[in-house]
Amino acid sequence: MEDLTARQECTSAFDTRHPPSNEIIDKCVHCGFCLPVCPTYVLWGQEMDSPRGRIYLMKMASEGAAEMNSTWVSHFDSCLGCMACMTACPSGVDYGKLIEATRAQIERKMERSRGEKFHRRFMFETFTRPERLRRMRLPLLVYQKSGLQAVVRGLGLLKLLPKKTQAMEALLPKLGPRETVAEVTAAVGAKRKRVGLLLGCVQREFFSSVNAATARVLAAEGCEVVAPQAQPCCGALLVHAGEEAAAVELAKRTIDAFERANVETVVTNAAGCGSNVKDYGHLLRDEPEYAERAKEFGAKCKDISEVLAGLEPRATRHRLKLRVAFHDSCHLQHAQGVRSQPRTLLSSIPGLELTEIPEAAICCGSAGIFNLVHPDAASELGDRKARLINALKADVVATGNPGCVLQMQSALARLGQKTPVVHTIQLLDASIRGESGESLRR
Ligand code: SF4
Ligand code: SF4
C-alpha cells in the first residue's frame, strides 16, 4: 500500500484502503486538454463533470475540504469510465486508477437509496452470471419471436414503465441460435500457438456467434483454442462500478481456470473484459497468493485484433464487398491503446472499404452499465454517434465490444436505420469462410 500523506491521515474523506493516489492527482496541471473528449463535459459543459473537475473533487475530499455527500458522489456516478481523458492528457494522469479507487471508496462509505441498491444488485447478479443469462434466453426469445415485442413497442406500452426498465428493453439483443465453443478447438494445419479464449458473460449467452467466429478464425490461422467451460465472469462490470471485493474473487477464479488450461496467450474479444483482465496485477496486488500470478496472467491477455496482427495471415481472405464504418470502443482504444490492429485486420479483407467515424475519441454512451443507470445521457450520446454513422452511408458498422454493439444498434434504430452492427471478427470470419456480406444482415 502506498504511504499516506499527512493530509490524508488527518482529514481525508477517504478511508485508508487504497484512496485515490495523491501522487497521480498532483500530476494534473489543469490544462484542460481532456475536456473536449469527455462525454459528460461535451453534454453538460460543467467543470465538475469533466475529468479536471473530478480530479479537483478528489483532491478536495483527500484534503478534507469536501465531504463525500450525494452531490459529490453524483459527479463520479456520471463518469462513463471511458478513459478518453487519459488518451488526451499530455501529463500522463492515470485517471483510470483514480476513478477505480474513488468508486471503491464510494461503495464502501456511502449508503445508496433502496431503489438504487436494488437496481445495481439486479444488474450485478444478472450480467455477471452466464447461467442466469442463459435462463433468460427462452423468455426473451418468446418475447421477440412471438411478435409481442413488436406489439409492445408499436403501442408505446414501454412508456408506462420506469425509464431504466425502458432502457433495458431498448438494448435487448436480437437473439439467434446459441452457438457453443468447444473446450478445445484444433488448429487447422500445423499448430502455431495454443491460446485460451475468454468467453465473457453477455458475449457467451447473447453474442455466442462472436465467440464462435473468434474460435474459427483463430483455428484457421493455426491456433489451438482452449475455452475453459468452467471460467467465471472476469469481474469487469464489478471493477468499473467499485464493487472491488466481489471482483477480486472472480479474478482469482478466472486465473485458476486459465492456469489449468496451460495456454501461451489469453484472447479477449470484449473490450471491457480485455481491459479488466490485463489489469489483474493491480486488482490483486494485496493478495499474497495471487499478486505475482495476476501480473503474469495480465501480461498474457491480448485482444483478438492484437493476436491476429501478430500472426502472418495464413487463411485465404475472400472478397467482401462492403463499406464498413469502424467504431473504436473506448475500452479498446483508450484503456488498452489498441487502435491500428482492428483497422489492419479489416483492411486485409479484399473488397472491403473502411471508413472512419468522426469524433472517434468520444464514447457512444454504452460504458458498462452507464446506459442502464443514466439512460437519458446515454441516449444523447448514442444519438450523436448514430447521426455521425448515418452520414457515412456504411453497409455495416464494426466494433470490438458487445456493449457498443447494443448501444449503437439501439441508437440507429431510433433514427429509423437498420444498419447492422457487428464485431470486427465476424467480418474476418465471413471473409475467410467465403460468405457474402448479406449473411451479416441476418
Ligand atoms: S473517464 Fe470519460 S467520462 Fe469520465 S472523466 Fe474521463 S473522459 Fe470524462
Ligand atoms: S489533460 Fe491531464 S493534466 Fe490536463 S486537465 Fe486533463 S487530466 Fe489534468
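Predicted model, so just to flag it, every value in this text is computed and none were measured. Counting starts at 1 for both ligands and their atoms, following the listed order.
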Below 4.0 angstrom from a heavy atom of [X], which ligand 2 atoms are there? Numbered from 1 as shown, please.
| X | result |
| --- | --- |
| Ser91 | 3 (S) |
| Cys31 | 1 (S), 3 (S), 4 (Fe), 5 (S) |
| His30 | 5 (S), 8 (Fe) |
| Pro90 | 1 (S) |

Query raised in the report: Cys201 versus Arg129: any side-chain heavy-atom pair under 4.5 Å?
Result: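 Heavy-atom side-chain distance check fails, nothing below 4.5 Å.
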
For [atom], which protein heavy atom lies nearest, and how many Å away is it?
| atom | result |
| --- | --- |
| atom 3 (S) of ligand 2 | Val29 N, 3.3 Å |
| atom 6 (Fe) of ligand 1 | Cys85 SG, 2.4 Å |
| atom 7 (S) of ligand 2 | Ile55 CD1, 3.7 Å |
| atom 4 (Fe) of ligand 1 | Cys79 SG, 2.3 Å |
| atom 5 (S) of ligand 1 | Arg54 NH1, 3.1 Å |
| atom 2 (Fe) of ligand 2 | Cys89 SG, 2.3 Å |
| atom 8 (Fe) of ligand 2 | Cys28 SG, 2.4 Å |

Report task. Please say which of Cys34, Cys28, Cys89, Cys79 ends up in a side chain to side chain contact (heavy atoms under 4.5 Å, CB included) with Tyr95. Result ->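 Of Cys34, Cys28, Cys89, Cys79, side chain to side chain contact (heavy atoms under 4.5 Å, CB included) with Tyr95 is met by Cys79 alone.
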
**Report entry** Proximity flag Gly32 to ligand 2, non-hydrogen atoms under 4.0 Å
**Finding:**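 Contact present.
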
Requested in this report: For Leu80, take its heavy atoms, then give the atoms of ligand 1 lying under 4.0 Å from any of them.
Outcome: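 Numbered from 1, ligand 1 contributes 3 (S), 4 (Fe).
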
**Report entry** Numbered atoms and elements of ligand 1 in range of Gly81, under 4.0 angstrom, heavy atoms
**Finding:**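 Once the distances to Gly81 are compared, the set is 1 (S), 4 (Fe).
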
Please tell me whether [X] and [Y] have a donor and an acceptor in their side chains that are separated by less than 3.5 angstrom.
| X | Y | result |
| --- | --- | --- |
| Gln203 | Asn269 | yes |
| Ser410 | Arg414 | yes |
| Arg54 | Ser78 | yes |

Query raised in the report: Centroid-to-centroid, His282 to His18, below 6.0 Å?
Result: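 No, too far apart.
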
Requested in this report: Mark yes when over 12 heavy atoms from residues, nucleotides or ligands other than Glu125 sit less than 6.0 Å from its CD; otherwise mark no.
Outcome: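 Atom CD in Glu125 is packed in, count exceeds 12.
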
Requested in this report: Give the contacting part of Tyr95 toward ligand 1: side chain, backbone, both or neither, where contact means a heavy-atom distance below 4.0 Å.
Outcome: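 Tyr95 to ligand 1: side-chain contact only, backbone stays beyond 4.0 Å.
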
Query raised in the report: Does the pair Asn401 and Thr399 meet the rule for a side chain to side chain donor-acceptor pair (under 3.5 Å), with working shown?
Result: CA-CA 6 Å; Asn401 193 47; Thr399 190; over 6 Å; no

Query - Cys38 N/O/S atom closer than 2.8 Å to atom 4 (Fe) of ligand 1 - result: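 Under 2.8 Å: Cys38 has no N, O or S contact with atom 4 (Fe) of ligand 1.
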
Query raised in the report: Any cation-pi pair here, Arg293 with Tyr290, using under 6.0 Å and within 45°?
Result: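 Yes, Arg293 sits over the ring of Tyr290.
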
**Report entry** Nearest-0.5 Å distance that lies between atom CD in Glu359 and atom CD1 in Ile362
**Finding:**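 The distance works out to 4.5 Å.
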
